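Structure record follows, encoded as structure tokens.
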Amino acid sequence: MSGSPETPNDPALYDRLAGEWWRPRGVFAMLHWLAAARAGLIPAAPRDGAVLVDLGCGAGLLAPHLEGKGYTHIGVDLSPESLRQAADHGVLVVRADVRAVPLPDACAEVVAAGEILEHVPDLPGAVAEACRLLRPGGLLVIDTLAATALSRFLAITVAERLPRFATRGVHDPALLVDRDRLVAECAKHGVALELRGIRPSLRDFTAWLAGRRPTVRMRPIRTTAVLFQARGRKSAPRP
């Protein structure tokens, strides 16, 4: 499947590749690495009954990394097969577009948007919905791909042609995320984002390719020009 021509950013791809989700060496392997890195930005739940809404949850890859943190994990996705697998991993699933989530305002202590914003044609709508779901003081956690020539080359031209690493057509280069625009859209809704770049550990990646490691750790880097994380808390409304 990796390397075969695909329509860019086709949502049906995730159902066609459903058997790959939980294969640590499958075409979604890097999503496992990113889920672990995303969870590292999420603190333990501050109160009983705290909700974490996982936008674009896929098959629930974040779930194992949230164990013991005390959240009710709600996952939102459009892929029925992905949601079925997420439910098998303890996620409370909601089939919906991330721009129109049937959950109440201010319901979540944390909203995670991992590797989803670069698949959404309406960035302002997706950001507005993520921020709507957050309680005042709640945490927004994002990881996504930057809209730069370097990102398009590495994440699409290169990565989607590496055997066993990605699948052709998973990204539409036109939808990669403008960092300044993302920060500005979040600020409109009271969330001040801080960004940092991340990349796979080169030593881990080499060992993973050779079959000597089951996973790869993500390392922080200065540049946000390719893959980056963002986090910020929602300010309380002014009296």
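Owing to the predicted nature of the structure, the values given are computational and were not obtained by experimental measurement.
A heavy-atom distance below 4.5 Å is not found between the side chains of Y14 and D77. Within the 4.5 Å cutoff, the side chain of C57 has no heavy atoms near those of the I74 side chain. T148 has its side chain within reach of R179: a pair of non-hydrogen atoms, C-beta onward, lies under 4.5 Å apart. The shortest distance between side-chain heavy atoms of V177 and I142 does not fall below 4.5 Å. Side-chain contact between L117 and E185 is absent, with no heavy atoms from C-beta onward closer than 4.5 Å. With contacts defined as side-chain heavy-atom distances shorter than 4.5 Å, the pair V141/I42 qualifies. Using a 4.5 Å heavy-atom threshold, the side chains of W22 and H32 count as touching. Using a 4.5 Å heavy-atom cutoff, the side chains of P121 and R99 are in contact.
When all heavy atoms of W21 and L61 are compared, the pair lying nearest together is O-CD2, 3.8 Å. For V191 against C131, the heavy-atom pair with the smallest separation is CG2-SG, 3.8 Å. Pairing each heavy atom of E118 with each of L175, the nearest pair is O-CB, 3.2 Å. The minimum heavy-atom distance linking V216 with W208 is given by the pair CG2-CB, 3.5 Å. Residues V51 and C107 approach most closely at CB-O, 3.5 Å, considering heavy atoms. The shortest non-hydrogen separation linking L62 to A112 is CD2-CB, 4.2 Å.
With hydrogens and angles disregarded, a donor-acceptor distance shorter than 3.5 Å links the side chain of K69 to the backbone of A39. A donor-acceptor contact shorter than 3.5 Å links the side chain of S151 to the backbone of A146. Put simply, the side chain of D178 never gets that close to the backbone of A147: no donor and acceptor are under 3.5 Å apart. Panel note: side chain Q229, backbone I198; no donor-acceptor pair is recorded below 3.5 Å. Side-chain atoms of D143 do not come within 3.5 Å of backbone N or O of G114 as any donor-acceptor pair. Checked by atom type and distance alone, the side chain of R132 pairs as donor or acceptor with a backbone atom of V101 at under 3.5 Å.
Between atom CD of residue E20 and atom CG of residue L31 there is a gap of 11.0 Å, rounded to the nearest 0.5 Å. One finds the CZ atom of R152 at 13.0 Å from the NE2 atom of H171 (value rounded to the nearest 0.5 Å). One finds the CG atom of L195 at 10.5 Å from the OG1 atom of T223 (value rounded to the nearest 0.5 Å). Summarising the geometry, atom CZ belonging to R233 is positioned 12.5 Å from atom CG belonging to L193; distances are rounded to the nearest 0.5 Å. To the nearest 0.5 Å, the span separating CG on L66 from NE2 on H73 amounts to 5.5 Å. Between the OG atom in S82 and the CZ atom in R95 there is a gap of 10.5 Å [rounded to 0.5 Å].
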Does the pair E115 and R38 meet the rule for a side chain to side chain contact (heavy atoms under 4.5 Å, CB included), with working shown?
CA-CA 10 Å; E115 299 305 299; R38 189 178 318 127; 4.2 Å; yes
For side chain to side chain contact (heavy atoms under 4.5 Å, CB included), just list the numbers for F228 and T144, CA-CA rounded to whole Å, side-chain angles, deciding distance to a tenth of an Å, and then say yes or no.
CA-CA 6 Å; F228 68 92; T144 188; 3.3 Å; yes
Step by step, would you call M30 with L227 a side chain to side chain contact (heavy atoms under 4.5 Å, CB included)?
CA-CA 12 Å; M30 192 168 181; L227 179 62; 3.8 Å; yes
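Cluster annotation: V120 is connected to L134 through the hydrophobic network of ILVMFWY side chains, with a link wherever side-chain heavy atoms come within less than 4.5 Å.
Not counting sequence neighbours, S235 has no partner by the side-chain contact (heavy atoms from CB on, under 4.5 Å) test.
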